[in-house]
Each structure stands twice: as structure tokens, then as C-alpha cells.
J.: 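For reference, the structure I am asking about is given below.
In each ligand, atom 1 is the first atom listed, and ligand 1 is the first ligand listed.
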Amino acid sequence: MGYCFSDLTAACQDDWRAYIEHDFVRALGDGTLDQGAFRHYLQQDYLFLIHFARAYALAAYKSRTLADLRQAHEGLRAILDVELGLHVDYCRDWGIAETDLAALPEARATLAYTRYVLDTGHRGDLLDLHVALAPCLVGYGEIAGWLKAQPFTVRGGANPYDAWIAMYESDDFQAAMGAELEWLDARLAEVTPRRFNELVEVFRYATRLEIDFWQMGLDRAD
Ligand SMILES: Cc1ncc(CN)c(N)n1
């Protein structure tokens with residue numbers, strides 16, 4: 001029997017739910033998140049996205065087929081041209097200039113998560129790297145869908161975080177998430193149980209590091 005992406009989330013159910021439904025996410029949804037905590041998160045997320053762009057460049061290097069190379073190129077382009085561009089504009093709306101972003105010290109949670117993903121990609125193959133990246137791309141897409149379904153979520157001008165939610169529920173982001181799920185489902189269908197268990201560990205660590213990233217924002221930790 002082949003595996004698929006939902007087998008990874010099922011194997012890490014507690015961690016996955018703790019990430020998707022984190023207090024930071026809930027407070028984004030109902031608009032009560034402390035604005036200083038959000039600013040801290042936004043600043044660290046800029047550094048995070050730069051390292052994630054590097055991870056897609058590593059995916060290009062690890063690609064053995066033209067299709068995988070094109071996919072890595074598209075992932076890198078989407079982060080550089082779309083997500084980071086939106087992020088810089090969004091930070092400006094929150095009073096954070098790009099020059100200040102470039103000079104930021106990196107928080108430990110940012111360092112731990114981004115370097116874990118890059119190290120996993122270096123040590124392993126393209127599938128290890130994609131599984132380490134999955135909580136980022138698939139997780140934020142799922143968070144946007146989860147928030148949409150929650151009765152406490154406030155939309156529109158009454159929620160200062162509405163534009164953030166809208167960014168991750170956008171058709172572009174949801175399409176990128178769908179393409180990643182398709183790729184992962186096709187690869188996971190072919191792995192052995194032993195290999196699947198290795199991938200579960202990669203997925204679990206990356207999910208826990210996403211939880212730490214939310215918590216870093218809430219605690220304004222350095
Ligand atoms: C920490 C984190 N994880 C995921 C995403 C969505 N690309 C993000 N912007 N930041």
C-alpha cells in the first residue's frame with residue numbers, strides 16, 4: 001500500500017494540530033494578537049523566507065529531472081517575487097522598513113528551523129527536503145482554511161491581521177500548496193514503510209520547529 005501526505009499528518013497528529021491551532025494563530029483569527037508580538041514575528045519571518053528561498057535553490061541542486069528542476073525554480077521564484085515582495089510591502093504597512101529588516105539579528109527559533117531544513121536537504125535527498133519544507137507551505141495553506149472555518153475569526157477592517165490571512169488563502173498560495181501536495185503524494189506512494197518512518201521524523205521535527213516559531217513571536221524571544 002502506498003503512502004500519501006495525510007499519512008504524515010496522521011502520524012504526527014498532536015504536533016500538527018498544535019501547530020495549526022496555535023494560540024498565535026487563534027489570536028490572528030480573532031484579531032486580539034499583541035501587535036508587538038506580530039511585529040516581532042514579521043521581522044523574523046523576513047529572515048525565515050530568505051533561508052527558505054535558499055532551500056528551494058538547494059532543491060534545484062538536488063533535482064535529477066528537468067521536471068523537478070523546474071518545480072524548484074518555480075518555488076524559488078514564488079518566494080522571491082511573490083511572498084517576499086508581499087512581505088516587504090506588508091512590513092512597510094506595519095512601520096518596518098526593508099533596510100531595518102536586512103539588519104535584524106536572527107532569533108534562535110528562526111536559526112533552528114531554517115538550518116534544520118537546509119541540513120536535512122544537504123544530508124538527504126529531494127524527498128527529505130520537500131518533507132522538511134511541507135509544514136511551511138502546506139501548513140500555512142491549511143491554517144488559512146482552518147481560520148476561515150472558525151466562528152471566532154473576524155474578517156475585514158475590524159481585524160488588523162485580515163490582510164495576512166488573505167495572503168495565505170489567496171488562489172496563488174492555495175494553488176502552490178495543491179501542487180506541492182500532488183508532488184508529495186506521488187513520491188510517498190512509492191516509499192517503503194522503513195523510509196516512511198524516516199520521513200515521519202523529518203516532518204515531526206519541522207512541525208515542532210514551526211510551533212516554536214509561533215511561540216517565539218508570542219514571547220518576542222530573541
Ligand atoms: C515560519 C513560516 N512558516 C511558513 C510560512 C509560509 N511560507 C512562513 N511565511 N513563515
J.: Classify the ring geometry of W94 against Y90: parallel below 30°, tilted from 30° to 60°, perpendicular beyond 60°.
T.: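 Taking Y90 first and then W94, their aromatic rings sit tilted (interplane angle of 30° to 60°).
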J.: Find the distance between NE2 (H130) and CG (L126) and round it off to the nearest 0.5 Å.
T.: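 It is 4.0 Å, given to the nearest 0.5 Å.
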J.: Classify the ring geometry of W164 against Y41: parallel below 30°, tilted from 30° to 60°, perpendicular beyond 60°.
T.: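 Perpendicular.
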J.: Charged N to carboxylate O below 4.0 Å: is that the case for E98 and R92?
T.: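 No, E98 and R92 are not salt-bridged.
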J.: Within the protein, flag every N or O under 3.5 Å from an N or O of ligand 1, and note the pair and distance.
T.:
from: ligand 1; atom 1: 3 (N); to: E210; atom 2: OE1; distance (Å): 3.2
from: ligand 1; atom 1: 3 (N); to: E210; atom 2: OE2; distance (Å): 2.8
from: ligand 1; atom 1: 7 (N); to: E83; atom 2: OE1; distance (Å): 3.4
from: ligand 1; atom 1: 7 (N); to: E83; atom 2: OE2; distance (Å): 2.9
from: ligand 1; atom 1: 9 (N); to: D45; atom 2: OD2; distance (Å): 2.9
from: ligand 1; atom 1: 9 (N); to: E83; atom 2: OE2; distance (Å): 3.2
from: ligand 1; atom 1: 9 (N); to: Y168; atom 2: OH; distance (Å): 3.2
from: ligand 1; atom 1: 10 (N); to: D45; atom 2: OD1; distance (Å): 2.6
from: ligand 1; atom 1: 10 (N); to: D45; atom 2: OD2; distance (Å): 3.4
from: ligand 1; atom 1: 10 (N); to: Y140; atom 2: OH; distance (Å): 3.3

J.: For the pair W214 and F24, name the ring-plane relationship: parallel under 30°, tilted 30 to 60°, perpendicular over 60°.
T.: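 Parallel, since the angle between the ring planes stays under 30°.
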J.: Would you say the side chains of H73 and R70 form a donor-acceptor pair under 3.5 Å?
T.: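 Looking only at side-chain atoms, R70 and H73 do not form any donor-acceptor pair under 3.5 Å.
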